[in-house]
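When reading the values below, keep in mind they use all heavy atoms of this one structure, side chains included, and skip hydrogens, waters and symmetry mates.
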Amino acid sequence: MTSSMLSPVDTIKIFENHPDRFFRAGEIIFEDGTEGEVMYGVLEGEVDMYVHGLPIETIAPGDVFGIGSLVHEDRLRESTAIARTDCKLAYLDKSHFLFAIQQTPMFAIEVIRSYSDRFRRLKKITGR
């Protein structure tokens, strides 16, 4: 990423109209099977992601998560997110997410890159 490009989290900070959310270590951010209203970007701290109760990855500052509930019609979460450490998260609802994509197409590319990088890491871990 070049210095002239904003990270997904930086872009969220520009387009959000809400204060940051804070979660204490061990606090559940969202659970599998629940409806989601927002996606998150990690500003500070780390977030552990679980699928079917198994830990699959740790989200670090600069990465985004929870976007599935904004792009799927059922809006259901397919994972559980738990604060690994005390966390400061930025977030976007669907209308702000769509606005960010329309106004800053590189935001969409950077979100896709973030998810692709995470998928590649998971493939290496699982050997698939």
Side-chain angles (χ1 to χ4, degrees):
M1 185 164 64
T2 66
S3 60
S4 64
M5 294 171 49
L6 292 174
S7 74
V9 172
D10 292 333
T11 304
I12 288 172
K13 289 297 295 173
I14 290 169
F15 288 105
E16 73 174 342
N17 287 332
H18 312 288
D20 301 327
R21 290 189 177 172
F22 296 89
F23 293 88
R24 294 262 182 232
E27 191 174 348
I28 295 171
I29 299 165
F30 59 74
E31 292 185 272
D32 178 25
T34 60
E35 276 192 16
E37 300 285 329
V38 298
M39 66 174 288
Y40 293 95
V42 180
L43 298 171
E44 296 174 10
E46 294 181 327
V47 175
D48 285 332
M49 301 300 294
Y50 296 83
V51 173
H52 303 296
L54 300 172
I56 58 163
E57 68 176 322
T58 299
I59 308 295
D63 268 330
V64 294
F65 64 100
I67 195 169
S69 66
L70 301 182
V71 298
H72 292 283
E73 285 186 34
D74 63 11
R75 297 182 13 218
L76 293 179
R77 301 285 190 191
E78 292 292 327
S79 59
T80 297
I82 300 175
R84 175 181 212 140
T85 64
D86 290 350
C87 294
K88 178 179 174 183
L89 306 178
Y91 63 101
L92 279 180
D93 61 20
K94 187 170 186 172
S95 64
H96 287 96
F97 169 72
L98 294 174
F99 183 77
I101 288 173
Q102 291 169 345
Q103 297 301 310
T104 313
M106 288 307 297
F107 171 69
I109 291 171
E110 287 301 308
V111 168
I112 292 167
R113 182 210 45 80
S114 174
Y115 272 81
S116 177
D117 288 349
R118 290 170 45 206
F119 183 68
R120 287 178 178 199
R121 285 193 302 268
L122 286 172
K123 282 178 62 175
K124 285 180 183 176
I125 291 168
T126 62
R128 295 183 183 171

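- Shortest non-hydrogen contact noted between L89 and Y40 is CD1-CD2, 3.8 Å.
- In this structure, OH on Y91 lies 13.5 Å from CD1 on I29, to the nearest 0.5 angstrom.
- With sequence neighbours left out, S95 forms a side chain to side chain contact (heavy atoms under 4.5 Å, CB included) with D93.
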Side chains of residues 59-70: which donor-acceptor pairs under 3.5 Å do they make with residues two or more places apart or in other chains?
residue, atom, partner, partner atom, Å
D63, OD1, S114, OG, 2.7
S69, OG, G66, O, 3.3
S69, OG, R77, NH1, 3.1

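- With sequence neighbours excluded, the residues satisfying salt bridge (charged side-chain N to carboxylate O under 4.0 Å, His left out) with E37 are R75.
- Neither V111 nor F119 shares a network with the other; the hydrophobic side chains, linked directly or stepwise wherever heavy atoms of I, L, V, M, F, W or Y lie under 4.5 Å apart, form separate groups for each.
- With sequence neighbours excluded, no residue forms a salt bridge (charged side-chain N to carboxylate O under 4.0 Å, His left out) with E73.
- Scored by the salt bridge (charged side-chain N to carboxylate O under 4.0 Å, His left out) test, R21 finds no partners at all (sequence neighbours excluded).
- In the hydrophobic clustering of this structure, F30 groups with V71; members are Ile, Leu, Val, Met, Phe, Trp, Tyr whose side-chain heavy atoms approach within less than 4.5 Å, directly or through other members.
- Separation of atoms OG1 (T34) and CD (E78) is listed at 10.0 Å; rounding is to 0.5 Å.
- Among residues two or more places apart in sequence or in another chain, the side chain to side chain contact (heavy atoms under 4.5 Å, CB included) test is passed with L98 by K94.
- Members clustered with L76: none, using a 4.5 Å side-chain heavy-atom cutoff among hydrophobic residues.
- Residues forming a side chain to side chain contact (heavy atoms under 4.5 Å, CB included) with D86 (at least two apart in sequence, or on another chain): R24, A25.
- To the nearest 0.5 angstrom, C87 atom SG is 9.0 Å from E44 atom CD.
- At distances below 3.5 Å, at least one donor-acceptor pair connects side-chain atoms of T80 with backbone N or O atoms of D32.
- In the hydrophobic clustering, where aliphatic and aromatic side chains (Ile, Leu, Val, Met, Phe, Trp, Tyr) are joined below 4.5 Å either directly or transitively, I82 groups with I28, Y50.
- Taking 4.0 Å as the cut-off between side-chain N and carboxylate O, R113 and D117 count as a salt-bridged pair.
- Note on residues 48-59: pairs passing salt bridge (charged side-chain N to carboxylate O under 4.0 Å, His left out), not counting sequence neighbours, are D48-R84, E57-R118.
- To the nearest 0.5 Å, atom CD1 of residue I112 and atom CE of residue M106 are 10.0 Å apart.
- For D20, the side chain to side chain contact (heavy atoms under 4.5 Å, CB included) partners two or more places apart in sequence, or in a different chain, are K13, E16, F22, L43, K88, A90.
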